[in-house]
Protein chains: 2
Amino acid sequence: MTPDTFKDLVTLSREEMYREFYRRHRHRIKIKKEHVAVGNLMRISEATLTLSNQKGFSAMSMRDLSSASGLSIGALYSYFSSKDELLDMIQQESLQLATRVLDSSIAGIDDPQRKLRRAISAHLHLSEIMHPWFFFSYMETKNLKKDARRNAIDIELRMENVFAEIIAEGQRSGIFRDVCRSLTAAMIKALLQDWYLKRWKHSRREVTVESYAAFVVEVVESYLLTRSATEGQET
Amino acid sequence: MTPDTFKDLVTLSREEMYREFYRRHRHRIKIKKEHVAVGNLMRISEATLTLSNQKGFSAMSMRDLSSASGLSIGALYSYFSSKDELLDMIQQESLQLATRVLDSSIAGIDDPQRKLRRAISAHLHLSEIMHPWFFFSYMETKNLKKDARRNAIDIELRMENVFAEIIAEGQRSGIFRDVCRSLTAAMIKALLQDWYLKRWKHSRREVTVESYAAFVVEVVESYLLTRSATEGQET
DNA sequence: GTCTATATCTGGATAGAC
DNA sequence: GTCTATCCAGATATAGAC
C-alpha cells in the first residue's frame, strides 16, 4: 500500500466522516439540518482536539472552545449536553474509525507475513492522517467515566489481538518462530503508538512514516522469522 | 542485577528520598522543621500521584488533595505557592531521580552488550518501584509551562541518548550491526515506557518485570547482534 | 439555529485565629 | 505550623431574545 492510495482511501471521507459522526450521534444532537450540523461538528471536533492535545481536555474551558470553534457557548450545547458527553463522542468516534479502517485493510490477505506488514503500515498511515484523534484518544482514556473507559480498553485489546492472531497464523504455517504471541503483539502496539505519541521527536529527526514503517517491520521480522526464512529474506 | 538487590538500592531511600526532595526545594517551602516537612511532603506527593494518575492533575482539586493528604488547604500552601508549582516539583523530582539512578547503574561497565542489558533492566526495575512517578511524569509533561516542558523533553532525549551511545560503542567494537542508532534507541525507550504506561495489561497477563526485561533484551539483541554473535549466543 | 446575558457553582488562593 | 472561613475569578450550564 503506497501512502497516496491509503491517504485517498481515508481523506475522501473527511466530509463524509463527519456526516457519519453526525448520524451516529444524531439522537443526542438537537440540530436537525444535516449540512449545518455536519459543518459545526467539524469545527467543534477540530477545535477540541487542538486545544485538548495542547493542554488537556479538562483544562480546556467552554470559553476556549467557543472562541476556537467560532460558535457561541449556547450553540455548543446544542451539540452535546455536557462537557463529558463531548469527550465521549470524540473518543468513541476515533476508536470506531480506527478499528473499521484497520479491519478492512487486512481483509482478504492470506499470507501472514504480508498481512503483518500490511497491518503495521495501515496503522501507521492511519495514525498519521488522524494524528490528533489518536493522540487524544490515548491521552484522555483515563479521564473517561468507568463504562466508557472499560469500552476503550476493550477496543485497544481487540486491536492488539489482531496482531496476535496474525502471529498465530504465521506460527502455524511455520514461517514465524514460536515466541510469546501476546508479548510480541504488545511490542508491536507499543511501537505503533510511539509513532503518534512522540511525533515531534520523529519528525524533528526527519523520519517519515514510510521509513518508520520499514523499521518496525525489520525489527519485528528479525525477531519473528525463522532462521531459514530470514536467510531467504536477505538481499 | 537481581530484583532484590535493585529494590534495596532504591527503597532504602523512601524516607531518604523525601528528605532529598525537601532539601532540593527548601527555598520554596515555608516549613522549617525538617521532620515535619518531610512527613507532609510524603503525604502530599503520594496523594497527588494517586489522584492525578486516576483522573489527571488538572482535574484534581485542592479540596480533593486536602482530604486525600489529610492536610488542610491552608497547610498545603505552606509547601508550594501554587498548584502549578506542585506539578513542577514532582515532575522535576521524578526526572532527577530517574537519571541519577540510571547513570549510576551503568557506570563502570565496559562491555556494550552487558551495558545495554543492564540499562534496560535498571530502567524497568526503577519504573516498577517508582511506577506512579513515571506514569505521572509521562502523562503530565504536556501540561507543564513552556520552560519546564522544554526541560522535561531535554531530559527524556538525554536518557534516550544513553542508549544510542551504548549502541554506538557496540557498533565500533563490531558486535552490533550497523543499524540506525536513533531509531533503535527510540524503540528501546518505547518498549521501556510501555511497561509503566500499560502496567495493568501486563500484570493482568502475569508478566513479571524480569520476564518483560528478558523479552525486551531478546528482541533488541535479535535485531542488533551480528549474525556471528547471534550464533555464538544461541543455546 | 444561534446569540447574549445570566444563574449557579466550583476552583484556587489568602487572611487571621489558634 | 495548621486550621477555618472566606474571597472572587472563572467554570459549566441555561433561558430567552432574535
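By convention in this document, chain letters (A, B, ...) are assigned in the order of the sequence lines, proteins followed by strands, and residues within each chain are numbered from 1. The structure displayed is predicted, hence computed values, not measured ones.
- Out of D:dT12, D:dT2, C:dA13, the shortest distance to the side chain of B:Ser82 is found at C:dA13.
- In the set C:dG12, D:dA13, C:dC3, the nucleotide with an atom closest to the side chain of A:Ile73 is D:dA13.
- Side-chain contact check for A:Tyr22 versus A:Glu34: some heavy-atom pair is nearer than 4.5 Å.
- Rounded to an integer number of Å, the gap from CZ of B:Arg43 to C1' of D:dT2 is 12 Å.
- Closest to the side chain of A:Ser78, from the set D:dT12, C:dG12, C:dT2, is C:dT2.
- For the pair A:Lys142 and B:Phe135, the cation-pi test (distance below 6.0 Å, angle within 45°) is failed.
- Taking atom CG of residue A:Asp64 and atom P of nucleotide D:dA9, one finds them 18 Å apart after rounding to whole Å.
- With C:dC3, D:dT12, D:dG1 as the choices, the nucleotide that has an atom nearest any side-chain atom of A:Met62 turns out to be D:dT12.
- With rounding to whole Å, B:Asp84 atom CG is found 11 Å from C:dG12 atom C1'.
- Counting non-hydrogen atoms under 4.0 angstrom, A:Tyr79 reaches the backbone sugars and phosphates but no base.
- At most 12 non-hydrogen atoms from other residues, nucleotides or ligands lie less than 6.0 angstrom from CZ of A:Arg150.
- Formation of a donor-acceptor pair under 3.5 Å by the A:Thr48 side chain with backbone atoms of A:Ile44 is found in this model.
- Nearest-nucleotide assignment on DNA chain D puts the 5′-proximal partner with B:Asn40, out of A:Ser81 and B:Asn40.
- Put simply, NZ on B:Lys83 is 15 Å from P on C:dT14, counting in whole angstrom units.
- B:Leu76 places its CG atom 17 Å from the P atom of C:dA15, with the value rounded to the nearest Å.
- Among C:dA13, C:dT2, D:dT2, the nucleotide with an atom closest to any side-chain atom of B:Val36 is D:dT2.
- Comparing A:Arg63 and A:Lys30, the nucleotide of DNA chain C nearest to each residue sits closer to the 5' end for A:Lys30.
- Counting any heavy atom pair closer than 4.0 Å across all strands shown, A:Ser61 reaches sugar-phosphate atoms only and no base atom.
- In this structure, of D:dA13, D:dT4, D:dG1, it is D:dT4 that holds the atom nearest to the side chain of B:Ser72.
- Between the CG atom of A:Leu41 and the C1' atom of C:dT2 there is a distance of 15 Å, given to the nearest Å.
- In this structure, CD1 of A:Ile29 is placed 12 Å from P of C:dT2, rounded to the nearest angstrom.
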**Prompt:** Should A:Phe134 and A:His123 be marked as a ring-ring contact (aromatic ring centres under 6.0 Å, His included) after you check the CA-CA gap, both sets of side-chain angles, and the distance that decides it?
**Reply:** CA-CA 11 Å; A:Phe134 275 66; A:His123 193 293; 5.7 Å; yes

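- Here C:dT4 presents its C1' atom at 14 Å from CG of A:Leu71, a figure rounded to the nearest Å.
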